[in-house]
Amino acid sequence: MTLRIVVLAKQVPDPETPPSQFKIDESTNSVLPPNGVPPVVNGFDLNAVEAALQLRDAGADVEITVLSVGSEFVMDAMKKPLAMGADRLVLVDDEGLDRIDAAATVKVLAAAIEKDGPFDLILGGRQASDWDQAHVTLGLAEVLGLPLVSLVQKLELDGDSIALRRVIPDGYQVVSAPTPSVLTITNELGEPRYPNLRGIMQASRKKPEIFSLVDLGLSDSDLSPKLELKRLYVPESNRQVELIEGDDEADSGVKLALRLRKEKLI
Amino acid sequence: MTSILLVAEFDEQGDVTQGALQAITAAKSLSDAQVTAVVAGDASGSASSLAVDGVVTVSAIAAADNGIFEQVTADLAALVVSSSPDVVIFSKSDFGSVVGARLAFRLDAALAADCIEISGSGGSVSVTRPVYGGSALAEFEIASSPAVLTLRAGAFEPTGDTGSPSVESHDGEATVEQRALVSDTVAEAHESVRLEDADFVVSGGRGLGGPEPFSVLTDLANVLGGAVGASRAACDAGWIDHSHQVGLTGKTVSPDVYIAVAISGASQHMAGCSSSRAIVAINKDGDSNIFKEARFGVVGDWEKVLPSFLATVRDLKA
Ligand SMILES: Cc1cc2nc3c(=O)[nH]c(=O)nc-3n(C[C@H](O)[C@H](O)[C@H](O)COP(=O)(O)OP(=O)(O)OC[C@H]3O[C@@H](n4cnc5c(N)ncnc54)[C@H](O)[C@@H]3O)c2cc1C
Ligand SMILES: Nc1ncnc2c1ncn2[C@@H]1O[C@H](COP(=O)(O)O)[C@@H](O)[C@H]1O
């Protein structure tokens, strides 16, 4: 029997964008797309794709559907999960969907999942690197009324359930989750695989399946925000570093220690 | 009046956490605050001197560390419905992040995570939270109630006050079926000093090049009586366990001295250490971001700088 996995993936500005390129338009409270740095699939979401692929590698018959809500999708970025080995890409693509809040995103995801058909597992990222909220995957579990396990670093099929490890601050827990469940995946799972040439070729031939809000029976009024963004700005830093220079690097080490002692820091 | 339900966590010794003491400070900064702390059923003893107006015990919080949080979410949801607070506050701990989010979505309430400032007047709450890994700050206004908030560790001073709140117990809801089950908890042996509590933290990054150099960092941490931290890059490489990761998705530390060795100072890393009293950086690249955050620094190769630094610190401490 095929295990149908939905992976939630968000398109985000590349978090490796150099700080000098990170700019905000304070008149619209939005981040300006950095020049020449294309968007990427959120890092933890690629970990989630990797998690799904690991179930396949372990011999399970899985179908992996990547689901994303947004607008102005860049296909080179969004097709990466397909190139890694995912089977389908479903986009809810409509104007303004890149600016909705977590509550609205959960509504759209829930509607899209319902429309797309039955599933056995939903994997989401731990958090999206734009708004750093860590809400959507947790909220989706609540709205769908499904069991939830957060911060999953390892998973395997165990009969009808999923055996997994959940990261806790000083170690991990061994957990058994039923299907269907919602899991949030964290980077402790390990690096997502690089797409190989064959994967890239296959992905280039695949077309995303696209839903609009209307297709999902939703309208803008369903998406009104619970939080109103008043101001978005880059905080000023007025720290001034005191660089310690010695005759050579070893001497700098000595002088640094003496300087910290003089300051009564050590 | 702003009525606030503050979910307070306690550690294994039964002491209220620093996060909860910080949350009390935050809660009391709201105008005309009426603060009720929600505590685990069996922590009622130490809770009776918290600097709050009232204490409610909810027994499921004590068992919440099973990590799945089903019962505690149900019990807190019922408590919020029956007491209809304006604001519900959690620390952004593992527990607070998950239960705060579940609670908000279950009650269709507004939710803001990782807040570093909060203020409130006339039925609306405003919060400031770091976004884009800490590259920017966002201010939000929340007009609906309840507003569920989680607070970043270290963003508020822990309260030093005590009080004599009234204590009552809230009956748990009908037992909720636990659908995912925890069969085992495997915890790393505690270091002599917990990273989150350490006065000195020595952290290493990708520039260390491998696991071995962490033994030098450990020597330095031991001489200082501190703990060892790491960047995510060093943890992801497998050089040190992830429980040492400092940052946005790791631990938050606020030592007197944070020594960053071969760490570039990405905003997501600084999110976990920027409230340190002094940051000291050793990095061979003078342009790296860490020097924008550090108070003292050496531009140089750690392999040359660190041994003499360690030797001198050792002499000074002898
Ligand atoms: C959503 C999200 C969450 C994240 N959460 C965290 C987090 O919690 N914690 C975290 O740390 N990161 C986090 N990151 C990753 C973060 O963005 C950086 O990628 C990471 O912190 C880089 O680690 P680093 O400084 O060790 O490595 P690098 O950025 O590669 O820096 C290595 C540094 O070492 C220096 N160096 C090299 N050789 C030497 C030498 N011989 N002597 C001296 N210096 C040398 C280099 O000059 C360089 O500055 C997160 C990222 C995202 C997107
Ligand atoms: N617009 C979106 N489309 C698809 N998945 C999303 C979207 N927003 C958030 N997610 C998923 O929810 C996780 C947590 O996001 P967030 O709550 O925004 O930090 C992400 O890692 C994604 O897996």
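Convention: sequence-line order gives letters A, B, ...; per-chain numbering from 1.
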Query raised in the report: Hey, are B:E139 and A:K230 close enough for a salt bridge, meaning a charged N less than 4.0 Å from a carboxylate O?
Result: no
Query raised in the report: Under a 4.0 Å N-O cut-off, is there an ion pair linking B:K251 with A:D170?
Result: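 A:D170 and B:K251: salt-bridged.
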To the nearest 0.5 Å, how far apart are [atom1] in [X] and [atom2] in [Y]?
X      : Y      : atom1 : atom2 : value
A:K226 : B:L111 : NZ    : CG    : 10.5 Å
A:E228 : B:S126 : CD    : OG    : 9.5 Å
A:L265 : B:F296 : CG    : CZ    : 6.0 Å
A:S252 : B:L306 : OG    : CG    : 12.5 Å
A:R231 : B:T128 : CZ    : OG1   : 8.5 Å
A:E249 : B:I282 : CD    : CD1   : 10.5 Å

Tell me which of these, [options], has more heavy-atom pairs under 4.5 Å with chain A than the rest.
options                        : value
B:G300, B:S144, B:S135         : B:S135
B:E177, B:R129, B:Q268, B:K317 : B:R129
B:E293, B:K92, B:R106          : B:R106
B:V280, B:D184, B:D315         : B:D184
B:E70, B:R102, B:K304          : B:R102
B:E303, B:R232, B:E196, B:Q245 : B:R232

Side chain from CB out, backbone as N, CA, C, O: work out which of these in [X] comes under 4.5 Å of a heavy atom of chain A, or both, or neither.
X      : value
B:L195 : neither
B:D108 : both
B:D114 : neither
B:V125 : neither
B:A109 : backbone
B:A294 : both

Is there a side-chain contact between [X] and [Y] (heavy atoms, below 4.5 Å)?
X      : Y      : result
A:E263 : B:R295 : yes
B:L316 : A:L258 : yes
A:T186 : B:T249 : no
A:I266 : B:F200 : yes
A:R239 : B:I279 : yes
A:P15  : B:Y132 : no

Where [X] and [Y] come nearest, the two heavy atoms and their spacing:
X      : Y      : result
A:H135 : B:A101 : CD2-CB, 4.3 Å
A:P169 : B:S243 : O-CB, 3.4 Å
A:Q133 : B:A113 : O-CB, 3.8 Å
A:W131 : B:A138 : CZ3-CB, 4.1 Å
A:P235 : B:A136 : CD-CA, 3.9 Å

Among the options [options], pick out the one with the most heavy-atom pairs lying under 4.5 Å from chain B.
options                        : result
A:P19, A:A103, A:G139, A:G171  : A:G139
A:V143, A:I24, A:L260, A:V12   : A:L260
A:A250, A:A128, A:P225, A:A177 : A:A250
A:L140, A:V234, A:L232         : A:L232
A:L138, A:L227, A:V106         : A:L227
A:K255, A:Q127, A:R126         : A:R126

Query - A:Y233 portion near chain B, given a 4.5 angstrom heavy-atom threshold - result: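 It is both, since atoms from each part get that close.
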With a sphere of 6.0 Å drawn around [atom1] of [X], does it hold more than 12 non-hydrogen atoms of other residues, nucleotides or ligands?
X      : atom1 : value
B:Q178 : CD    : yes
A:E26  : CD    : yes
A:R99  : CZ    : no

Requested in this report: With B:V98 as reference, evaluate A:L148, A:L151, A:V149, A:T184 under the side chain to side chain contact (heavy atoms under 4.5 Å, CB included) test and give the passing residue.
Outcome: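 Only one option passes, and that is A:L148.
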Report task. Please check if the side chain of A:R261 supplies one atom and the backbone of B:V313 the other of a donor-acceptor pair under 3.5 Å. Result ->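 No, because the side chain of A:R261 does not come within donor-acceptor range (under 3.5 Å) of the backbone of B:V313.
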Query raised in the report: Can any side-chain N or O of A:D132 pair as donor or acceptor with the backbone N or O of B:G133 at less than 3.5 Å?
Result: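 At least one qualifying donor-acceptor pair exists.
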Requested in this report: Tell me, with the steps shown, if B:V182 and A:V174 meet side chain to side chain contact (heavy atoms under 4.5 Å, CB included).
Outcome: CA-CA 6 Å; B:V182 178; A:V174 182; over 6 Å; no
Query - A:V175 and B:I68: CA distance, side-chain angles, deciding distance, side chain to side chain contact (heavy atoms under 4.5 Å, CB included) verdict - result: CA-CA 9 Å; A:V175 184; B:I68 302 301; 4.0 Å; yes
Report task. Might you work through the side chain to side chain contact (heavy atoms under 4.5 Å, CB included) test for B:V299 and A:E245, ending with a clear yes or no? Result -> CA-CA 8 Å; B:V299 179; A:E245 282 176 73; over 6 Å; no
Requested in this report: Under 4.5 Å, heavy atom to heavy atom: which of residues 160-168 of chain A reach chain B? Give them by number, or say none.
Outcome: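 The residues closer than 4.5 Å to chain B, in numerical order, are A:R166, A:I168.
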